[in-house]
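All remarks here apply to the structure that follows.
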Amino acid sequence: MAKIIDGKKIAASIRSDCKIRVEKLKDESGVTPGLAVILIGEDPASSVYVRNKIEACKAVGIKSSSYRHDADITTDELVVLIEKLNIDPEVHGILVQLPLPPHIDMERVLETISIDKDVDGFHLYNVGGLVVGKMVFSPCTPYGVVKMLESENIPVEGQNVVIVGASNIVGKPMALMLMARDATVSICHAKTRDLAQFTILADILVVAAGVPNLIIPQMVKTGAVVIDVGINRLPNGSLQGDVDFEGVSKKASYITPVPGGVGPMTVTMLLVNTIEAAERHAVQK
Ligand code: NAD
């Protein structure tokens with residue numbers, strides 16, 4: 001049976017370090033880390049994510065401020081708001097909750113965020129930085145996966161890593177971050193022919209497709225490490241990942257549950273990035 005990687009526990013331990021870092025920063029430089037969260041429209045899932053982020057900030061001593069606007073806000077108005085936050089010395093991180101309404105120019109919005117405050121890591125500079133290993137901030141979900149592997153002492157160097165899902169926010173940055181750690185990385189996506197011929201080779205399998213039960217035991221090598229990023233809400237309201245947890249946990253050496261796996265790590269890495277941004281700001285003061 002696979003060992004379950006307890007994302008909640010790892011996240012709790014990183015969050016208690018965060019609390020200490022925040023207190024130290026306040027004592028030594030008088031700076032309180034500040035995160036501005038922008039939410040556009042009424043998407044219920046986004047509202048829940050934003051609420052979780054704000055609560056997580058509060059628990060470690062980060063001062064969060066939320067900016068909620070109706071879905072009819074224009075790109076120009078959003079850009080003006082971000083420009084104001086860019087020069088606000090009490091704001092060290094700016095997060096725009098995605099997805100944005102379709103009429104908003106998302107690229108322009110993300111590119112307006114100051115690189116030093118781009119704690120989600122979605123600015124083109126940070127995306128490009130991932131390619132050459134010079135990013136200012138790592139995107140939170142793949143960063144959380146890396147921290148989970150580290151905390152279980154799972155080696156990455158030289159391992160065959162297969163990533164299922166090639167999105168800009170999970171799959172692609174995940175691939176780059178593990179390549180930077182000298183893994184041999186393959187990326188699969190919806191157009192991949194015969195997914196199983198790739199997944200069966202994985203020493204470490206990271207799944208972020210958004211398809212419940214996509215990965216079944218026959219697709220997994222005995223002893224593989226399986227990281228399930230997927231979050232799918234089933235008709236009965238429960239959450240499920242992309243991996244057949246019951247079946248695959250009999251074959252894998254490590255597996256992450258859903259919920260309680262990668263999810264809590266994502267918010268935690270947002271806290272880490274925000275504190276890092278504030279620490280850099282304090283040094284420059
Ligand atoms: P996305 O829809 O932007 O991308 C999905 C990717 O999976 C695409 O590259 C697509 O080609 C691929 N894919 C879809 N069906 C496939 C199939 N049958 N076989 C192989 N590949 C397939 O999604 P995303 O934003 O990257 O999110 C992926 C999943 O991860 C979702 O369930 C999302 O809710 C979850 N997620 C979780 C966290 C977290 O904190 N745990 C964070 C972000 C996203």
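First listed ligand is number 1; within each ligand, the first listed atom is number 1.
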Open item on the list: My question is simple, although I want it checked carefully: is atom 2 (O) of ligand 1 less than 4.0 angstrom from any protein heavy atom?
Closed with: no
Task: Check: Val164 N/O within less than 3.5 Å of ligand 1 N/O - done: no
Could you pull out the closest heavy-atom pair between [X] and [Y], with the gap in Å?
| X | Y | value |
| --- | --- | --- |
| His92 | Pro33 | ND1-CA, 3.5 Å |
| Leu271 | Cys18 | CB-SG, 4.2 Å |
| Met219 | Leu214 | SD-O, 3.4 Å |
| Ala71 | His103 | O-CE1, 2.7 Å |

Got the closest protein heavy atom to [atom], with its distance?
| atom | value |
| --- | --- |
| atom 14 (C) of ligand 1 | Ala209 O, 3.8 Å |
| atom 21 (N) of ligand 1 | His189 C, 3.1 Å |
| atom 31 (C) of ligand 1 | Gly210 CA, 3.7 Å |
| atom 26 (O) of ligand 1 | Ser167 OG, 2.5 Å |
| atom 34 (O) of ligand 1 | Ile231 O, 3.3 Å |
| atom 42 (C) of ligand 1 | Thr141 OG1, 3.3 Å |

For [atom], which of [options] has the closest heavy atom?
| atom | options | value |
| --- | --- | --- |
| atom 16 (C) of ligand 1 | Gly263, Ala190, Pro142 | Ala190 |
| atom 41 (N) of ligand 1 | Val229, Val170, Thr199 | Val229 |
| atom 40 (O) of ligand 1 | Thr256, Thr266, Ile163 | Thr266 |

Open item on the list: If you count heavy atoms of other groups shown closer than 6.0 angstrom to NZ of Lys26, is the number above 12?
Closed with: yes
Interfacing atoms of ligand 1 (cut-off 4.0 Å, heavy-atom, [X]):
| X | result |
| --- | --- |
| Gly165 | 6 (C), 7 (O), 9 (O), 12 (C) |
| Ala166 | 6 (C), 8 (C), 9 (O) |
| Val211 | 15 (N) |
| Ile169 | 25 (O) |

TODO: Evaluate the criterion side-chain contact (heavy atoms from CB on, under 4.5 Å) for residue pair Leu239 and Arg233; output intermediate values, then yes/no.
DONE: CA-CA 5 Å; Leu239 291 184; Arg233 193 168 287 281; 3.7 Å; yes
Open item on the list: Tell me whether Asn126 contacts the main-chain N or O of Val136 through its side chain, where contact means a donor paired with an acceptor under 3.5 Å.
Closed with: yes
Are [X] and [Y] within salt-bridge range, i.e. N to O under 4.0 Å?
| X | Y | value |
| --- | --- | --- |
| Asp76 | Arg108 | yes |
| Glu276 | Arg280 | yes |
| Arg21 | Glu279 | yes |

Task: Residue portion contacting ligand 1 (non-hydrogen atoms closer than 4.0 Å) for Leu214 - done: side chain
Open item on the list: Would you say Asp242 and Asn213 are linked by a side-chain donor-acceptor pair, where the criterion is simply a distance under 3.5 Å?
Closed with: no
Open item on the list: If we only consider heavy atoms of Ala208, is any one of them less than 4.0 Å away from an atom in ligand 1?
Closed with: yes
